[in-house]
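For reference, positions follow the sequence shown, starting with 1. What you see is a predicted model; the values in this text were computed from it and never measured.
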Amino acid sequence: MKRVEKTVWWKGIFWSINLLFLTILLGFSGVASATTMNAENLDHLAAGETIEGPGFFAGNVVKIDGNVEGTTFVSGQDVRINGNINGDLFVAAQSITINGTVTGNIYGAGQALIFDGQSESDVFFAGQNISIGQDASVGRDLFAAGATILQEGMVQRNLFGGGAEIVLSGQIGGDANLQTDSLKIQDGANIAGDLSYKGENEANIGTGATIAGDTDWEFYETMDRGTTAVRETRRPFMKFVWFLWSLASALLIWFLIRIWRPAFWQNTVRPLAEQPLKTLGVGLLTLLVVPPMIILAMVTVIGIPIALILGVVYPIALYLSRIIVAVFIGQWLAKRFKWPELHKGIWLVLLGLIILGLLQMPPFIGFLSSLLIVMAGLGSLVMAHHRASPETASEQTELDL
């Protein structure tokens, strides 16, 4: 076997895609289109029924035995898909079982994923346990990331996988690119292309397995305790450097926007000061609604420009939300303690950014703080610039903050 170095370039992209769609699907938790039985919290599309897509299904238990003509979004605790979906499938649940046929791509994220159906395009799976059954057929490429991955069915083209344990016993029409500490290729497995894998241990390849191309193994050694200790020692310093960098970059963005639009920050923080609860609600709604809007807009050709614009504006708004809340905190402190606004209020904004940075450091509190900051900043941004008109905006006076 050869020992070469390969970069698994798809790993970061793959996880980002699945985490994005997991977040999007959770936003559909209250949406359903089909026959819903609230008593059992069951969303069911019966066998023989056909609905025009896009289809939205949500509930503790979701069963799709019928047909969906269009892109389908599913979220719940236990999802079972036995029918046919003529389009892409986006699904997030604790347990996912797919036995039907999907003509488009499949994007799945959950704890246990079982695929024993037919897919005419690519399949993207992320979860704890992933199983590709004997009767499964992936029309193009399979991307899988999880603790354990079992592949027994047919992958028409390439397999990209990452996990603690990977077992291959099916057919792969192209290459297999893997990252794992335990790789087993059982008798009867057939890889028509190359096998490239990265891990601490060499693969256990059965005598009855067939690999038509080259087999490349990149040895990956777990860090020893000394290396780990050095990294742990450097971690606080790196966190501090990152903290200073985030402060400097946010302060620079605040300064540039203030030069470009002097009244921007004053107008934007006003809803947060006047209607804080409503602002948080609008921010939460914006946080959940915009990502699904981007995906739905991408489905139609006419909506692609809108999706691209939203895809650019949305992350910018998320970044600005932190600065907006910092400006609000500085403004509130100056008013509460009657502090003077020196140097156009830059010190008050810096104080607000430091307070937010400290609130985001503790693990659990940091998550809640980050969520509230994003909700408050997004809500204030949307409310301020949705209701502002050219006449009223010109009449508003400028505060140095």
_I'd like to check Val349 versus Phe328 (side-chain heavy atoms, cut-off strictly below 4.5 Å). Are they in contact?_
no

*Would you name the heavy atoms of Gly55 and Ile51 that are closest together and state the gap between them?*
CA-CD1, 4.5 Å

*Could you pull out the closest heavy-atom pair between Gln186 and Ala209, with the gap in Å?*
O-CB, 3.5 Å

*Give the ring-plane orientation class for Phe125 versus Phe115, where under 30° counts as parallel, over 60° as perpendicular and anything between as tilted.*
perpendicular

*For the pair Lys198 and Thr180, evaluate side chain to side chain contact (heavy atoms under 4.5 Å, CB included) and give the outcome as yes or no after the intermediate values.*
CA-CA 6 Å; Lys198 175 182 178 180; Thr180 178; over 6 Å; no

*Is there side-chain contact between Phe255 and Leu251, with heavy atoms separated by less than 4.5 Å?*
no

_Just so I know, are the side chains of Leu195 and Trp217 near enough to count as touching, which here means a heavy-atom distance under 4.5 Å?_
no

_Atom of Asn190, atom of Gln171 and distance for their closest heavy-atom approach_ = CB-OE1, 2.9 Å

*Would you say Trp254 and Leu350 make side-chain contact, with heavy atoms under 4.5 Å?*
no

*Report yes if some heavy atom in the side chain of Arg270 is under 4.5 Å from a heavy atom in the side chain of Gln266; otherwise report no.*
yes

*asked:* I need the Ile149 CD1 to Ser182 OG distance, nearest 0.5 Å.
replied: 11.5 Å

*N/O donor-acceptor pair under 3.5 Å between Thr103 side chain and Gly87 backbone*: yes

*Within the distance-only criterion (no hydrogens, no angle test), does the side chain of Asn67 pair as donor or acceptor with the backbone N or O of Thr50 below 3.5 angstrom?*
no

*Between Ser380 and Ala376, is there a donor-acceptor pair closer than 3.5 Å when you use the side chain of the first and the backbone of the second?*
no

*Do Trp339 and Leu348 come close enough that some side-chain heavy atom pair is under 4.5 Å?*
yes

*Could you please spell out the steps behind the side chain to side chain contact (heavy atoms under 4.5 Å, CB included) verdict for Ile211 and Ile185?*
CA-CA 10 Å; Ile211 302 175; Ile185 303 179; 4.2 Å; yes

_For Leu89, all residues meeting side-chain contact (heavy atoms from CB on, under 4.5 Å), sequence neighbours excluded_ = Thr72, Val74, Ile81, Ile85, Val91, Ile98, Val102, Ile106

*Go through the steps to decide whether Leu320 and Ile257 satisfy the test side chain to side chain contact (heavy atoms under 4.5 Å, CB included), and finish with yes or no.*
CA-CA 10 Å; Leu320 291 180; Ile257 294 181; 3.9 Å; yes

*asked:* Looking at every non-hydrogen atom in both residues, tell me the closest pair between Gly110 and Leu113 and how far apart they are.
replied: O-CD1, 3.7 Å

*Output yes when a side-chain donor or acceptor of Asp194 lies under 3.5 Å from a complementary backbone atom of Asp214, and no otherwise.*
yes

*Which heavy atom in Leu333 sits nearest to a heavy atom in Leu351, and how many Å separate them?*
CD1-CD2, 3.7 Å

_Exercise: do Asn82 and Asn99 side chains pair donor with acceptor under 3.5 Å_ = yes

*Hey, does the side chain of Glu52 reach the backbone of Pro54 with a donor-acceptor pair shorter than 3.5 angstrom?*
no

*What distance do Gln77 atom CD and Ser95 atom OG have between them, rounded to the nearest 0.5 Å?*
9.0 Å

*asked:* Rounded at 0.5 Å granularity, tell me how far CZ in Phe90 sits from OH in Tyr107.
replied: 5.5 Å

*Quick one: pull up CG in Leu284 and CG in Leu372 and give me the separation to the nearest 0.5 Å.*
10.0 Å

*What are the two closest non-hydrogen atoms of Ser321 and Gly377, and how far apart are they?*
CB-CA, 3.5 Å

*Going by the angle between their ring planes, with limits at 30° and 60°, are Trp332 and Phe337 parallel, tilted or perpendicular?*
perpendicular

*Is there a donor in the side chain of Asn105 and an acceptor in the side chain of Asp88, or the other way round, less than 3.5 Å apart?*
no

*Verify, without hydrogens or angle tests, whether Ser131 (side chain) and Ile114 (backbone) share a donor-acceptor contact under 3.5 angstrom.*
no

*Nearest 0.5 Å, what's the CG-CD distance between Asn84 and Glu69?*
9.0 Å

*Within a strict 4.5 Å, meaning less than it, do heavy atoms of the Val325 and Leu356 side chains meet?*
yes

*Please test Phe57 against Val79 for side chain to side chain contact (heavy atoms under 4.5 Å, CB included), starting from the C-alpha separation and ending with a verdict.*
CA-CA 10 Å; Phe57 302 86; Val79 173; over 6 Å; no

*Decide yes or no for Val374 and Leu318: does some side-chain heavy atom of the first lie under 4.5 Å from some side-chain heavy atom of the second?*
yes

*Give a yes or no on whether Tyr319 atom OH has more than 12 heavy-atom contacts from other residues, nucleotides or ligands under 6.0 Å away.*
yes

*asked:* Quick one: does any side-chain atom of Asp141 pair with a main-chain N or O of Asn158 as donor and acceptor, under 3.5 Å?
replied: yes

*asked:* Between Gln118 (side chain only) and Asp135 (backbone N and O only), is there a donor and an acceptor less than 3.5 Å apart?
replied: yes

_Please check: side-chain N/O of Asp116 versus main-chain N/O of Ala136, any donor-acceptor pairing under 3.5 Å?_
yes

*What is the distance from atom CG of Leu272 to atom NZ of Lys278, rounded to the nearest 0.5 Å?*
13.5 Å

*Among Asn177, Asp175, Leu142, which residue meets the side chain to side chain contact (heavy atoms under 4.5 Å, CB included) test with Leu159?*
Leu142

_Main chain of Gly379, side chain of Thr279: is a donor-acceptor contact present, judged purely on distance under 3.5 Å?_
no

